[in-house]
Structure formats: C-alpha cells, structure tokens
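A short worksheet on the structure shown next.
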There are 2 protein chains.
Amino acid sequence: MNLAADRAEAPSKARLRLWLRLLKTTRGIEGVLRERLRTEFGTTLPRFDVMAALSRAPEGMRMSEISGRLRVSNGNVTGIVDRLVSDGLARRVPAPGDRRAAVVRLTALGRDEFERQAAAHEAWIDELLSGIGAEASGRIDRALDALAEEETV
Amino acid sequence: MNLAADRAEAPSKARLRLWLRLLKTTRGIEGVLRERLRTEFGTTLPRFDVMAALSRAPEGMRMSEISGRLRVSNGNVTGIVDRLVSDGLARRVPAPGDRRAAVVRLTALGRDEFERQAAAHEAWIDELLSGIGAEASGRIDRALDALAEEETV
DNA sequence: GCTTGAAACTTTAACCTTGAAATAAATTCG
DNA sequence: CGAATTTATTTCAAGGTTAAAGTTTCAAGC
C-alpha cells in the first residue's frame, strides 16, 4: 500500500504545480488582453475593469465602492478615474448628502466605448479559452469557487 | 430554433465566467503572497520571482534569459536586478566573451535569504490552496495545460 | 578594415499599484 | 454645542510594468 504515502505527499506538490500553472495561464491571457486593448482601443486593462464595474451601475459608484469591488487600493482608483474623466469617458458628480464623496458615472461616450470594448473582450476570452470544454469549464469554476469561499473575500 | 442560438451563446458565457473566476482567484492569492512577502521578508513578488529563477541557475543568468523566463520586459528586469544588487542579494558579473552582456548571480546572502522565503512560500501555497483536493488539482492542472499548449508559450 | 545590421542592455515616458500620511466632512458622545 | 473618532477620498513615495528609443558591442559581408 504505497497509496498512503502517495496521499500524504502528493497534494502539496500538486498544489504548488497547480499554482504555477494558474499563474502562468492567467498572466498569459492577461498579457494578450492588455496588448489587444492597447492596440485596438488605446486603453488599458485597469481602465477596462473600472469601466466594466461602472457599466453595471447606471446610478454610478463611489470611489470606495469601485476599489472594494475591484479589490485594489483607494489611491489607485483615484488615478484611473482621473484619466477616464479627462478623456470624457466618466464623470464625477457630488454624492447627495455627503460632501466628502463623489459618485462616478460613465458618460454617454463612455458607455458607447465600453460596449465596443466589452464585445471584443468577450470574443477574445472565448477564443483564448476555447481549449476548455464546457464540462471542464464548469468543473474548474466550481473548484475555484470552493476555494474563494474560504478566503476573506 | 432557439437551440442553435443557445448553443452559440452558452459556452461563451461559461468561459467568460470562468475567466473572471480565474482572475479573482489568482489575484486574491497573489495579494496574500505579496502582503506576506512584504511584512515577513520586506520584499516583493517580482523580486521573489527573479530570485527564484536565479536560484535554479547556479551559473547565473543573463538579463534577457531572466526576462524571457519570467515573460516580462527587459527594462523591467533591469530595475529589479538593480535593487537586488544594491541590497547585496545578487551580483552582476561580466559575461565571458561578450562585453555587452552581464551574468546575474545570487550572492551567498541572496541564496540564504531565498531559501527562507521559498520555504515559507511553499507553505503558504499549500495553505491557500488547501480547499482543492489532489484529484481536482490534477484535473485543473491538465485542463489549463491543454490551454497553455495552444498559446505561443 | 569598414560598414551594416543584429543583439544585449539601459533609459525614458506614461501608467499602474500599494501602503501610509494628509484632508476634509460626517458622526458620536459627553 | 464641541471634541474626538470615523469615514471618504486624495496625495505621496517607492516600486513595478510596458513599449519605444538609445547605446554599446558583436557578427557578417564586402
């Protein structure tokens, strides 16, 4: 019964290998997305992420809501939104009843622009992940979901 | 005939969901690793990555080998190695027979330091991925492996 | 030998990122 | 009310990241 020994040793090694694979895969895909966003739309992944969050919130989002959703620091979002605003894609409006806060919203231009980017983005993902069948996709999704549960999230 | 439309639509959505999950998971884990490397070792993930590459090359690596292995830009590695060198963890030695190039090597201090970091890192990964069993781990690994094959890699 | 093109790096400009400090407004509470 | 605390956001310093441009050296080919 070397099965017992295998069970004791394998998981740690398998996990480290899995992590490196996970990292390599996501970095590879992120790299492709970043490059295409740059060459085809003249934008960046962080900007796309912020616009994606905003596009789901027609009423707008506060800075802290954006940073919370994207799990990045507050100061980070300040700069990205600054650039979005100076490009006419987003707008800061005073938050009603709280003079400290502002609500960020996409402009009409921002919505149009994001529509185009999102359509391309979805097609790219479909292309880049085409190697994974629907069943495998579902299995991975559930496995990672279980993982997400235990983190602070 | 909405079956045809469904077949055309569903996999794409599943893949997009999978991608977002993949991204969330790896970013979450990377965030934990980055924070622990910072608080417990006063270093960063990029520095750890470079040191990990160097630790596998006792003879040292050229700058372009490092950037190629890590799939980051050349200019990027320049800065990271600069800081490693100024901290006494690595050293640039002239490449024999090529005055353009230098070979980067870990110093004795760098090797010691990396040993400690690597041990902690492996334990952290084991902890963070503990929610995934060995079988699931293997399955995900193979699915992502199939994916990696088709990319430029 | 010289010139031309490729290769190995570094530099630069612009952006992203974080954690910590600073500002300012809202809230709590004595 | 007024002080202390908390909350929302920006600013700052240091580092990471890329693509593009610049420098130096090597390798061919004439």
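On a predicted model such as this, the values are computed, not experimentally measured, just so you know. Proteins get letters first, then strands, A, B, ... in listed order; numbering begins at 1 in each.
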d([atom1], [X]; [atom2], [N]) in whole Å:
X: A:R62; N: C:dA24; atom1: CZ; atom2: P; answer: 19 Å
X: A:D49; N: C:dT17; atom1: CG; atom2: C1'; answer: 13 Å
X: A:R71; N: C:dT17; atom1: CZ; atom2: P; answer: 15 Å
X: B:D82; N: C:dT12; atom1: CG; atom2: P; answer: 13 Å
X: B:R38; N: D:dG16; atom1: CZ; atom2: C1'; answer: 15 Å
X: B:N76; N: C:dA14; atom1: CG; atom2: P; answer: 19 Å
X: B:E35; N: D:dG15; atom1: CD; atom2: P; answer: 19 Å
X: A:I80; N: D:dT9; atom1: CD1; atom2: P; answer: 15 Å

(request) For A:R36 and A:E127, run salt bridge (Lys or Arg N to Asp or Glu O under 4.0 Å): C-alpha distance rounded to whole Å, both residues' side-chain angles, the deciding distance at 0.1 Å, then the answer. (result) CA-CA 13 Å; A:R36 292 189 184 175; A:E127 166 202 342; 2.9 Å; yes

(request) Kindly say whether the aromatic ring centers of A:F41 and A:F48 come within a distance under 6.0 Å. (result) no

(request) Output yes when a side-chain donor or acceptor of B:S67 lies under 3.5 Å from a complementary backbone atom of B:V77, and no otherwise. (result) no

(message) Under a 3.5 Å distance rule, please check whether B:D98 uses its side chain to pair with a backbone N or O of B:R100 as donor and acceptor.
(response) yes

(request) Rounded to the nearest 0.5 Å, what's the gap from CZ on B:R34 to CD1 on B:I29? Could you check? (result) 12.5 Å

(request) Start with the C-alpha distance between A:E59 and A:R105, add both sets of side-chain angles, then the distance that settles salt bridge (Lys or Arg N to Asp or Glu O under 4.0 Å), and finish with yes or no. (result) CA-CA 7 Å; A:E59 305 305 309; A:R105 256 179 238 175; 5.3 Å; no

Looking at [options], which one has an atom nearest to any side-chain atom of [X]?
X: A:M63; options: D:dG16, D:dT9, C:dG19; answer: D:dT9
X: A:R34; options: C:dT11, D:dT18, D:dT10; answer: D:dT18
X: A:P46; options: C:dG19, C:dC16, D:dA19; answer: C:dC16
X: A:A101; options: C:dT17, C:dG19, D:dA8; answer: D:dA8

Below 4.0 Å: OP1/OP2 of [N] and any side-chain N or O of [X]:
X: A:N74; N: D:dT9; value: no
X: B:R83; N: D:dA14; value: no
X: A:T44; N: C:dC16; value: yes

(request) With DNA chain D as reference, determine whether A:A102 or A:R27 sits nearer its 5' end, using the nearest nucleotide of each. (result) A:A102

(request) With DNA chain D as reference, determine whether A:G79 or B:R47 sits nearer its 5' end, using the nearest nucleotide of each. (result) A:G79

(request) Considering only NZ, NE, NH1 and NH2 on the basic side and carboxylate oxygens on the acidic side, decide whether B:K13 and A:D126 come within less than 4.0 Å. (result) no

(request) In plain terms, say whether A:R27 and B:D49 are close enough for a salt bridge, that is, a side-chain N and a carboxylate O under 4.0 Å apart. (result) yes

By the 4.0 Å heavy-atom rule, please label [X] as base, sugar-phosphate, or nothing.
X: B:V77; answer: nothing
X: A:S64; answer: sugar-phosphate
X: B:A95; answer: nothing
X: A:L45; answer: nothing
X: B:R92; answer: sugar-phosphate

Give every pair of a protein N or O atom and an N or O atom of nucleotides 26-28 of chain C that lie under 3.5 Å apart, one pair per line with the distance.
residue, atom, partner, partner atom, Å
C:dA26, OP1, A:R99, N, 2.9
C:dA26, OP2, A:R99, NH2, 3.1

